[in-house]
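If you're wondering where the values come from, they're calculated on a predicted model, not measured in any experiment. Residue numbers run from 1 in the order of the sequence given.
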Amino acid sequence: MITIRKANERGHADHGWLNAHHTFSFAGYHDPKWMGFRDLRVINDDTVAAGGGFGTHPHRDMEIITYILSGELEHRDSMGNGRIIKTGEFQYMAAGTGVMHSEYNPSEKNPVHLLQIWIMPDHRNAKPAYAEKVCSDAAPGQLNLIVSKSGRDGSLPINQNVDLYLAKFTNGQTVTYELAPKRHAWVQVAEGNVELNGTPLSGGDGAAISAESKLTLTGKGPAQVLLFDLE
């Protein structure tokens, strides 16, 4: 079963410095039909204006992943990390027992476009952690493992039994994924146009997948897709 979440049906908030689209209920946007999917709680498609950003604020008991689609984001946190995350880079933070952090667009003229993802952890009060993975040169036409429970194959270890893959497409490539029994998937089109098992999807679209054994993604021009394999 595949349920499509169209981009134009998401929650939307325009704060001037922040233009946000919420796949799932978040902040002032609430839709009881879209409170998350399995352990996936938040996918926010954010564009932050030049010089804008999120001041220092707390998180706890959440696995937070940020993917920069274009531009740069300056991150600082209470663990002592401070870095500018660039296009094509993933940032992972385990909030665990508690973290304070801020995120700003350091550019004076260019916006930053990013996806912010929250995943529920498999236990509370984990030790806070931080890591990054550069995928700007990820090969198109294949699934690149970004995070996993075990940290296998060079992926970032995460406090949940979830695998997150990035697939890039130029034009016409196809990738397939075998979904194990009793596992579920979420597909999020970050940019461009693809087909999922023959169904057209565009940037911002998502798909909840259950009781399927094989997923086929075909690029229809330049595109990026995130694939979550979930319990």
> Is it true that a side-chain atom of Ser155 and a backbone atom of Ile146 form a donor plus acceptor pair closer than 3.5 Å?
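Answer holds: no.
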
> Where do Ala50 and Lys109 come nearest, in terms of heavy atoms and distance?
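Distance-wise, the nearest heavy atoms are CB-N, 3.5 Å.
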
> Tell me which one of Ile65, Asp45, Val42, Ile68 satisfies side chain to side chain contact (heavy atoms under 4.5 Å, CB included) with Leu115.
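Between Leu115 and the candidates, side chain to side chain contact (heavy atoms under 4.5 Å, CB included) is satisfied uniquely by Asp45.
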
> Please report the closest heavy-atom contact between Leu73 and Leu114, naming both atoms and the distance.
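Heavy-atom minimum between the residues: CD2-CD2, 3.9 Å.
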
> Please name all residues satisfying ring-ring contact (aromatic ring centres under 6.0 Å, His included) with Phe228, sequence neighbours left out, ordered by chain then number.
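Partners of Phe228 by the ring-ring contact (aromatic ring centres under 6.0 Å, His included) criterion come out as none, since no residue qualifies.
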
> Using a strict threshold of under 4.0 Å (side-chain N to carboxylate O), is an ion pair present between Lys149 and Asp163?
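A salt bridge is absent here (no side-chain N lies under 4.0 Å from a carboxylate O).
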
> Just verifying a value: how many Å separate Phe90 CZ and Ser136 OG, rounded to the nearest 0.5 Å?
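Spacing of CZ (Phe90) from OG (Ser136) equals 11.0 Å.
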
> Just to verify, what does Tyr104 make a side-chain contact (heavy atoms from CB on, under 4.5 Å) with, not counting sequence neighbours?
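By the side-chain contact (heavy atoms from CB on, under 4.5 Å) rule, Tyr104 matches Ser102.
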
> Could you pull out the closest heavy-atom pair between Asn105 and Ser107, with the gap in Å?
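The pair with the smallest heavy-atom distance is OD1-N, 3.0 Å.
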
> What's the separation between atom CZ in Phe37 and atom CD1 in Ile43, rounded to the nearest 0.5 Å?
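It is 10.5 Å, given to the nearest 0.5 Å.
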
> To the nearest 0.5 Å, how far apart are OG in Ser148 and CG in Asp153?
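Nearest 0.5 Å value for the OG-CG distance: 7.5 Å.
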
> Please table the atom pairs, donor to acceptor, closer than 3.5 Å between any side-chain atom in residues 16-24 and protein atoms at least two apart or in another chain.
unit_1 : atom_1 : unit_2 : atom_2 : d
Asn19  : OD1    : His12  : NE2    : 2.5
His22  : ND1    : Asn44  : OD1    : 2.9

> With a sphere of 6.0 Å drawn around CE of Met120, does it hold more than 12 non-hydrogen atoms of other residues, nucleotides or ligands?
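For Met120, atom CE is not crowded (no more than 12 foreign heavy atoms under 6.0 Å).
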
> Measure across Asp205 and Ala7 and return the closest heavy-atom pair with its distance rounded to 0.1 Å.
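Shortest heavy-atom contact: OD1-N, 2.8 Å.
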
> Are Leu217 and Leu226 linked, directly or through other ILVMFWY residues, by side chains that come within less than 4.5 angstrom of each other?
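Looking at the clustering, Leu226 is in a separate group from Leu217.
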
> Do Thr218 and Thr174 have a side chain donor and acceptor closer than 3.5 Å?
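Yes, Thr174 and Thr218 have a side-chain donor paired with an acceptor closer than 3.5 Å.
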
> Checking Gln173 against Asn171: is there a side-chain donor and acceptor pair closer than 3.5 Å?
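Distance-only check fails for Asn171 and Gln173.
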
> Can you list everything that forms a ring-ring contact (aromatic ring centres under 6.0 Å, His included) with Tyr92? Sequence neighbours excluded, please.
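Partners of Tyr92 under the ring-ring contact (aromatic ring centres under 6.0 Å, His included) test: none.
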
> Could you tell me whether the side chain of Leu227 reaches within less than 4.5 Å of the side chain of Tyr177, counting heavy atoms only?
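Heavy-atom side-chain distance check passes, below 4.5 Å.
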
> Which salt bridge (charged side-chain N to carboxylate O under 4.0 Å, His left out) pairs, counting each pair once, include a residue from residues 50-73, with sequence neighbours left out?
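Non-adjacent pairs meeting salt bridge (charged side-chain N to carboxylate O under 4.0 Å, His left out): Asp61-Arg124.
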
> Share the residues that join Met1 in a hydrophobic cluster, the rule being Ile, Leu, Val, Met, Phe, Trp or Tyr side chains under 4.5 Å apart at the heavy-atom level.
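Its cluster mates, by chain and number: none.
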
> Specify the closest pair of heavy atoms between Gly71 and Val112, including all atoms of both residues, with the distance to one decimal.
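Reported closest heavy-atom pair: C-CG2, 3.9 Å.
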
> Is there side-chain contact between Ile117 and Thr66, with at least one heavy-atom pair below 4.5 Å?
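Side-chain contact under 4.5 Å: no.
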
> Distance check, rounded to the nearest 0.5 Å: Glu103 atom CD versus Asp46 atom CG?
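The CD atom of Glu103 sits 9.0 Å away from the CG atom of Asp46.
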
> Any side-chain donor-acceptor pair under 3.5 Å between Ser210 and His184?
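Distance-only check passes for Ser210 and His184.
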
> What I'd like to find out is whether the side chain of Trp118 reaches to under 4.5 Å of the side chain of Leu40, using heavy atoms alone.
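A side-chain contact under 4.5 Å is absent here.
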
> Using the side chain to side chain donor-acceptor pair (under 3.5 Å) rule, take Gln91 and Tyr67 through it: C-alpha gap first, then chi angles, then the decisive distance, then the call.
CA-CA 7 Å; Gln91 176 198 74; Tyr67 181 44; over 6 Å; no

> My understanding is that only residues two or more places apart in sequence, or in another chain, count here; which of them pass ring-ring contact (aromatic ring centres under 6.0 Å, His included) with His57?
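If we apply the ring-ring contact (aromatic ring centres under 6.0 Å, His included) test to His57, skipping adjacent residues, the hits are His59, His101.
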
> Name all residues meeting the side-chain contact (heavy atoms from CB on, under 4.5 Å) criterion together with Glu89; count only those two or more places apart in sequence or in a different chain, and write none if there are none.
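So Glu89 forms a side-chain contact (heavy atoms from CB on, under 4.5 Å) with Arg83, Ile85, Lys86, Val134.
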
> If a pair satisfies salt bridge (charged side-chain N to carboxylate O under 4.0 Å, His left out) and one of its residues is in residues 172-181, list it, with sequence neighbours excluded.
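Output for this query is empty, none listed.
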
> Check whether any side-chain heavy atom of Val162 lies under 4.5 Å from a side-chain heavy atom of Glu231, and answer yes or no.
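Counting from C-beta outward, Val162 and Glu231 never come under 4.5 Å.
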
> Is Trp186 close to Leu230 at the side-chain level, that is, under 4.5 Å between some pair of heavy atoms?
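Heavy-atom side-chain distance check passes, below 4.5 Å.
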
> Check Tyr29 against Glu9 and note the closest heavy-atom contact, atom names and distance.
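Result for this residue pair: OH-O, 4.1 Å.
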
> Run the side-chain donor-acceptor check on residues 193-200: report pairs under 3.5 Å with partners two or more places apart or on a different chain.
unit_1 : atom_1 : unit_2 : atom_2 : d
Asn193 : OD1    : Ser202 : OG     : 2.8
Asn197 : OD1    : Thr216 : N      : 2.7
Asn197 : ND2    : Lys214 : O      : 3.2

> Has Asp137 got more than 12 heavy atoms of other residues, nucleotides or ligands less than 6.0 Å from its CG?
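Not more than 12 within 6.0 Å, no.
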
> Going by side-chain contact (heavy atoms from CB on, under 4.5 Å), name the residues that satisfy it together with Met79, two or more places apart in sequence or in a different chain.
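For Met79 the side-chain contact (heavy atoms from CB on, under 4.5 Å) partners, ignoring immediate neighbours, are Asp77, Asn81, Met93, Val99, Pro128, Tyr130.
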
> Same cluster or not: are Met62 and Val147 linked, directly or through other Ile, Leu, Val, Met, Phe, Trp or Tyr residues, by side-chain heavy atoms under 4.5 angstrom apart?
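No, separate clusters.
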
> Can you run down the salt bridge (charged side-chain N to carboxylate O under 4.0 Å, His left out) pairs that involve residues 180-191, sequence neighbours left out, and say none if there aren't any?
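Every pair satisfying salt bridge (charged side-chain N to carboxylate O under 4.0 Å, His left out) with a residue in residues 180-191: Arg183-Asp229.
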
> Taking the side chain as every heavy atom from C-beta outward, state whether Gln116 and Ile64 have any atom pair closer than 4.5 Å.
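Yes, at least one pair of side-chain atoms sits under 4.5 Å.
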
> Passes side-chain contact (heavy atoms from CB on, under 4.5 Å), Gln224 versus Leu69? Steps please.
CA-CA 9 Å; Gln224 296 193 73; Leu69 294 168; 3.8 Å; yes

> Which value, rounded to the nearest 0.5 Å, describes the distance between Thr176 atom OG1 and Leu143 atom CG?
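Thr176 OG1 to Leu143 CG: 7.5 Å, rounded to 0.5 Å.
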
> Kindly compute the distance separating CE (Met35) from OG (Ser25), expressed to the nearest 0.5 Å.
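It is 4.5 Å, given to the nearest 0.5 Å.
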
